[in-house]
Amino acid sequence: MISRLLLDWYDANARRLPWRAAPGSNAADPYRVWLSEIMLQQTQVATVIPYFEKFTTRWPTFEAFAAAADADVMTAWAGLGYYARARNLLACAREVTRLGRMPDTEEGLRALPGVGAYTAAAIAAIAFGRRAVVVDANVERVVSRLFAIETPLPASRPQIRAHTDAITPDTRAGDFAQAMMDLGSGICTARAPRCLLCPLRDQCDGFRTGTPELFPYKAKKAPKPQRYGTMFWAERDGHVLLVRRPAKGLLGGMRALPTGPWEAVAPGLEGAPVAADWRLHDHTVAHGFTHFDLQVALAAATIGPHEVLEGEWWPVADLASAGLPTVFAKAANRFGSMRCAS
DNA sequence: AAGCCGGGGAG
DNA sequence: CTCCCAGGCTT
């Protein structure tokens, strides 16, 4: 009943998205579905679309992507966040190349790098037409409201999964999953759900409570700690020194400005890439990460022509092409405006 | 089970 | 400003 109502609504109201086939069609390209699903992990559709277009234009097929250079992929991914996804993307493409084709079962997909329970179910259903129980944040919210689940997340996940399984149809499971996502994105929204437009309103226990926006209940989260750091602008002859961050950990594998430690107290000039006449500026740059807030001071110096340093000397005028994560791009822009002002 | 891992959109 | 988002990996 619920799936019928939802699929009818989807056939008339599906969003047109670059990685989607027409509703009811089985023409979805597994490469494009896989790439979109990885990009969409914890990332909104509007943010993903330009990256998806850029990637599929440059690497139109699985074979083309598997042959890409690591540095090119990391640079193209810059700004999208969660950089382990980009590293896993390449590892996954190379694993699939070794296998000869992409697995078409949940179990086979689940074994690939960067593919967890959600993504395996989504690809199996959307790209390969299999029945799979697809549970993402949209489904968690929609199902929590449909059944007025009072257990707070994440403890309610087993109930949510069981309910989702019970309403997932045997055919068109991929369209059903995407319909749940469209419903969660446009109607059953986190803040102010548009229940008057909802095709499932008459089936919804949460609507009957009168306060569907209270679902899903969630455990409170701890406040984020504040950290302080310093970034170093080492300039020589119109070029600035960039380094490659360690492969694992925060912003792993990405090109970056040299930086000292990020700690609870301002580290000053600790961790400078070279001894020099560093000028510590008054201006700071603020940036929020998932589990801490950062405030970085900016230190600048001119480096002599014979000093040999680890890293790349990048043309200051071409910094936009360096593929810097956002926190470094912010700082670089700040340095740029200070240079113009002086 | 809990912590780590980005960034931007929306209210 | 706060909350949230087509989650996965590690410990």
Side-chain angles (χ1 to χ4, degrees), chain A residues 15 17-20 28 32-52 74 77-89 91-92 109-127 132-142 152-155 157-158 164 174-186 188-194 213 216 218-225 227 245-254 256 262 286-294 323-330:
Chain A
R15 287 180 290 181
L17 298 172
W19 47 86
R20 261 189 196 173
R32 294 166 69 86
V33 171
W34 163 74
L35 179 62
S36 71
E37 288 299 340
I38 303 298
M39 288 184 164
L40 286 162
Q41 288 168 5
Q42 293 291 286
T43 309
Q44 297 180 165
V45 166
T47 304
V48 163
I49 287 175
Y51 282 88
F52 182 83
M74 300 310 288
W77 193 275
L80 198 53
Y82 284 142
Y83 297 95
R85 292 185 294 173
R87 303 193 297 270
N88 285 331
L89 210 58
C92 183
L109 290 160
R110 181 68 182 80
L112 297 172
V115 179
Y118 159 75
T119 304
I123 296 175
I126 297 170
V133 181
V134 182
V135 183
D136 73 327
N138 287 298
V139 174
E140 285 184 348
R141 186 172 58 255
V142 171
L153 283 169
R157 294 232 160 94
T164 307
D175 282 345
F176 177 79
Q178 295 180 92
M180 291 287 274
M181 294 170 195
D182 283 14
L183 191 75
S185 168
C188 197
T189 52
R191 292 292 175 102
R194 301 171 172 89
E213 70 277 7
K218 292 191 179 183
K220 279 197 171 181
K221 56 180 91 172
K224 291 197 282 190
R227 293 188 192 173
R245 290 178 65 81
K248 292 185 177 182
L250 189 70
L251 308 172
M254 299 300 289
W262 296 349
H287 188 76
F289 290 97
T290 306
H291 55 295
F292 67 93
D293 289 316
L294 178 67
L324 296 176
T326 298
V327 65
F328 297 106
K330 278 186 192 174

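Values reported hereafter were calculated over all heavy atoms of this structure, with side chains retained and with hydrogens, waters and symmetry mates removed. First the proteins, then the strands, lettered A, B, ... as listed; each starts at 1.
Counting any heavy atom pair closer than 4.0 Å across all strands shown, L294(A) reaches no nucleic acid atom. Residue contacts shown for L251(A) are limited to sugar-phosphate atoms, with no base heavy atom under 4.0 Å away. At a threshold of 4.0 angstrom between heavy atoms, the contacts of G184(A) with the nucleic acid are absent. When heavy atoms are screened at a 4.0 angstrom cut-off, T189(A) is found touching no nucleic acid atom at all. Using a 4.0 Å heavy-atom criterion, one finds that T326(A) contacts the sugar-phosphate atoms exclusively. Among the heavy atoms of the strands lying under 4.0 Å from A137(A) are primed sugar atoms or P, OP1, OP2 only; no base atom is included. If you check every strand for non-hydrogen atoms under 4.0 Å, P325(A) touches sugar and phosphate atoms only. Among the atoms of the strands shown, none is found under 4.0 Å from any heavy atom of R157(A). K218(A) comes within 4.0 angstrom of the backbone, heavy atoms only, and of no base.
Aromatic ring orientation, W262(A) versus F328(A): tilted (interplanar angle from 30° to 60°).
Distance check on atom C1': dA6(C) versus dG3(B) gives 23 Å, rounded to whole Å. Going from the P atom of dG6(B) to that of dT11(C) covers 16 Å, rounded to whole Å. Rounded to a whole angstrom, the distance from the P atom of dG8(C) to that of dG9(B) is 23 Å.
The backbone N or O of A78(A) lies less than 3.5 Å from a partner atom in the side chain of Y51(A), making a donor-acceptor pair. In terms of modelled atom types and a separation under 3.5 Å, the side chain of T43(A) and the main chain of Q41(A) share a donor-acceptor contact. Side-chain N or O atoms of R15(A) include none that pairs as donor or acceptor with a backbone N or O of R20(A) at under 3.5 Å. Between the side chain of T189(A) and the main chain of G186(A), no donor-acceptor pair closer than 3.5 Å is present.
Comparing R110(A) and R191(A) by the nucleotide of DNA chain C that holds the closest heavy atom to each, the one mapping nearer the 5' end is R191(A). Between P113(A) and W19(A), the residue anchored nearer the 5' end of DNA chain C, judged by the nucleotide with its closest heavy atom, is W19(A). If you find the closest nucleotide of DNA chain B to H291(A) and to A192(A), the one lying nearer the 5' end belongs to H291(A).
Under the 4.5 Å side-chain criterion, counting only non-hydrogen atoms from C-beta, F176(A) is not in contact with V134(A). With contacts defined as side-chain heavy-atom distances shorter than 4.5 Å, the pair F52(A)/L17(A) does not qualify. Counting heavy atoms from C-beta outward, L250(A) and F292(A) have side chains that approach closer than 4.5 Å.
Boundaries of the chain A contact region on DNA chain C are dT2(C) to dC9(C), first to last in 5' to 3' order (nucleotide atom under 4.0 Å from a heavy atom). For DNA chain B, the span of nucleotides reached by chain A at under 4.0 Å from its heavy atoms goes, 5' to 3', from dC4(B) to dG11(B).
Residues satisfying the salt bridge (Lys or Arg N to Asp or Glu O under 4.0 Å) test with E37(A), not counting sequence neighbours, are none.
Residues R85(A) and N88(A) have side chains that never bring a donor and an acceptor to within less than 3.5 angstrom of each other.
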